[in-house]
Structures are given as structure tokens and as C-alpha cells.
Number of protein chains: 2
Amino acid sequence: MAKQPGLPVRGSTTGRPIMVLFDALGQKWSMRILWELRDGPLTFRELRERCDDVSPTLLNTRMKMLKELGLTETTEQGYGLTEWGADLGKQLARLDDWANKWALTMYDAQP
Amino acid sequence: MAKQPGLPVRGSTTGRPIMVLFDALGQKWSMRILWELRDGPLTFRELRERCDDVSPTLLNTRMKMLKELGLTETTEQGYGLTEWGADLGKQLARLDDWANKWALTMYDAQP
DNA sequence: CTTATTGCTACAGTTAGTGTAGCGCAAGAG
DNA sequence: CTCTTGCGCTACACTAACTGTAGCAATAAG
């Protein structure tokens, strides 16, 4: 089933962009994959290894979805982020900053 | 099973804050719940309704998790965000802005 | 008492994700 | 040419995550 802003997703019929994004990022490994690709393209097997050996079945379906959403693409160096994917990656980097402060003040856990 | 920065989560043994966050937000309805609480506390049944009638079973387990993470709390008005939860909500609002631009330039889909 | 509304639990059924094995293909070595 | 090596990916059986409906115990009002 296709997936893009404007079309309904799990748990929301409106196709409102943020709902599409919540649906996509709310699936296991989605954010992690974008995160691991932040420093440049990786091969299927490399990416899989970085994601704690996620099952290839899932990695493949997830990559198909992210590709459909225009966030990743396949280059000659392997799987990489598109411009939009990289942009979203920056948003995730902000989340990283946030998470570190959060952990620090709430649990004294180090990044 | 407890959940907090510093302790291992699904797919990462390090307990690195961003991984804890990815694990938590990567579960279905997590982001949506934080999103729906952004304008103030809601009762269990109200919150459930706003989340497209998510099953009460899941809503309850999710609320327990979010509470454990210090993102939500139960007030006299019902379920609400903590300061950290509200802060994270602001990050999600940034994602909303991002998603709207994304949808607009990629698919001409309106927010 | 009855009635209504609340937060929440029980439980069976469906969907999503896991883990291992290995296929088909392309490139390099002998 | 054959043999190996490493690649992206698929098959498939298993487990975990989520769904949907019914309804319980508690509280409050009539």
C-alpha cells in the first residue's frame, strides 16, 4: 500500500502530513535507520549491522516505505538520505540534544 | 519492565538517551498521544477518542510507559504533560512545521 | 435503591517484527 | 570456463505488539 502525505494512514484518515509522519516514524526502526544514515550512504548489510542486526525482512520493507516517502534513495554507494531525509535527520539531531538534557536532569544518565 | 535513559531498550543495549527515546516514540501511538495532550490535560476517555479510538488496553500500557519516562502525569483534570513532556511536545510541533513543508513541496498536499 | 459515567481489565483475534537459512546475481581469481 | 566471495534480498515459521469488544469496580447524582 502506497504511503504519502494526503493519503490516509494507520490511525488517521485525513492524510494530514504530521499524521503520515507519525505513522512512518512510529514504526519500529524508522527513526533509527534515518539516524544511522546521517553520515552518508551505507550498504544494505552495513546498515543492518548498525541497526543491531535488524532482520533483513523488516529492513527491506522499511526501506521501501522510506523510499516511497522520498526520505531515502539508493545511490551507487548504497542506501542514502535524500535532501528531505537529511533535513529530517537534522530534526532528529535536535531530538538527540533534547534527549541528552532530559536524561541528564532526570536520571543523571550520560549520553 | 522499567524504562529510562541509562537502561537498555529494544534494539539497543547502551541505554543512550536518544535510543531510549527512539524506542519509546517508535511505539505506536506514543507521538500521537503527546501530540493530543499539547493543549492541556484530557481524561482517559477523551484522550482515547482523540486518538481515533485506540484500544484502552494499549492506551493504558502506553500511559504507564510515558509516566515512567516522566513525560506525562495524572492530574486532577486527567492525563497531562509534565514540563519535559510539554518540551518534547514543542519538538513535535517543529516536526509538524517540517511535515507541512515536506508535503507541500513533494506532493502538493495541504496541512 | 437505580442510573450514568469514569478509569481500566480480560481475552481472543489480527498485524507487525524476528531470526535463520539460503537463493540468485555480479565480480574477481585461477 | 569454473570456483569462490560478497552482495541485496526473499522464504518461512515463530514471537511480540496491537486491536476490538465486552464489561467490571468505583464514584457520584437522582
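Convention: sequence-line order gives letters A, B, ...; per-chain numbering from 1. These numbers come from a predicted model, not from an experiment.
For D:dT19, the OP1/OP2 oxygens have a side-chain nitrogen or oxygen of B:Trp29 closer than 4.0 Å.
Sorted by first and then second residue, the salt bridge (Lys or Arg N to Asp or Glu O under 4.0 Å) pairs with a member in residues 73-83 of chain B form an empty list; sequence neighbours excluded.
Taking a cutoff of 4.0 Å between a charged side-chain nitrogen and a carboxylate oxygen, B:Arg32 and B:Asp52 qualify as a salt bridge.
Shown here for A:Met31 and B:Leu25, the closest heavy-atom pair between the two residues is CE-CB, 3.6 Å.
Summarising the geometry, the separation between CD on A:Glu76 and P on D:dG8 is reported as 14 Å, rounded to the nearest angstrom. A:Gln77 places its CD atom 16 Å from the C1' atom of D:dG8, with the value rounded to the nearest Å. If you measure from atom CD of A:Glu49 to atom P of D:dG8, you get 12 Å, rounded to the nearest angstrom. Atom P of nucleotide D:dG8 and atom NZ of A:Lys67 are separated by 12 Å, given to the nearest angstrom. Atom CE of A:Met63 is separated from atom C1' of D:dG8 by 12 Å (rounded to the nearest Å).
When atom types are taken as modelled, the side chain of A:Gln91 and the backbone of B:Leu95 share no donor-acceptor pair closer than 3.5 angstrom.
Among residues two or more places apart in sequence or in another chain, the side chain to side chain donor-acceptor pair (under 3.5 Å) test is passed with A:Gln4 by none.
Under a cut-off of 6.0 angstrom, the local environment of CD in A:Glu49 is sparse, with at most 12 non-hydrogen atoms contributed by other residues, nucleotides or ligands.
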Base-contact (B) and sugar-phosphate-only (S) positions in nucleotides 7-16 of chain C, heavy-atom cut-off under 4.0 Å, - elsewhere: BBBBB-----
